Amino acid sequence: MTKLPSIKPARTKGSRALLREFVTANVGRTITSKELQAASGGASEWGRRLRELRDEEGYQVKSHKDDPDNLKPGEYRLDTIDRLSVSKRSVDYKLRAK
């Protein structure tokens, strides 16, 4: 009997894209970590994806560390859709060789 390969359902969007859509649709609204996890498709690494939106795409998502007077731990807010410029994160190969 030949074993058939398992077929995984194709995901149309990754968790970062899902988070990006959710956060940009809720500009100015305080969002909880539970909402973000659900919006990411239930991804366990939703926090990493959120940091990627900040660091790699320039979205200004604030947390309680950025705005302790208005946000509690586990709460986030995107105040503006305007993105900051981001710098390349890779290390030059010559510097890496040293």
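Below, each value reflects all heavy atoms present in this structure, side chains not excepted, and no hydrogens, waters or symmetry copies. Owing to the predicted nature of the structure, the values given are computational and were not obtained by experimental measurement.
Atom-to-atom distance recorded for E52:CD and S15:OG is 8.0 Å, nearest 0.5 angstrom. With rounding to the nearest 0.5 angstrom, the OG1 atom of T24 is 10.0 Å from the CZ atom of R83.
Using a 4.5 Å cut-off on side-chain heavy atoms (C-beta onward), I31 and R77 make no contact. Residues Y76 and K62 have side chains not in contact (no heavy-atom distance under 4.5 Å, counting atoms from C-beta outward). With a 4.5 Å cut-off on side-chain heavy atoms, L53 and R16 count as touching. Side-chain contact check for L50 versus Y59: every heavy-atom pair is 4.5 Å or farther apart.
In plain terms, the two heavy atoms of I81 and V27 that are nearest each other are CD1-CG2, 4.3 Å. H64 approaches P73 most closely through the heavy-atom pair ND1-CA, 3.4 Å.
R54 places a side-chain N or O within donor-acceptor distance of the main-chain N or O of V61, the cut-off being under 3.5 Å. The closest donor-acceptor contact from the side chain of D66 to the backbone of S63 lies under 3.5 Å. Although no hydrogens or angles enter the test, the distance criterion places a donor-acceptor pair under 3.5 Å between the side chain of Q60 and the main chain of D82.
Salt bridge absent: K34 and E75 never bring a charged side-chain N and a carboxylate O closer than 4.0 Å. Using a 4.0 Å cut-off between charged nitrogen and carboxylate oxygen, E21 and K13 count as a salt-bridge pair.
Atom CZ of R48 has 12 or fewer neighbouring heavy atoms from other residues, nucleotides or ligands inside a 6.0 Å radius.
For the residue pair S40/Q37, the side-chain donor-acceptor check at 3.5 Å is not satisfied.
Two different hydrophobic clusters hold L36 and L18 under the rule that ILVMFWY side chains link at heavy-atom gaps under 4.5 Å.
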**Message:** Run R51 and E57 through salt bridge (charged side-chain N to carboxylate O under 4.0 Å, His left out) and show every step you take.
**Reply:** CA-CA 9 Å; R51 285 189 299 277; E57 296 187 24; over 6 Å; no
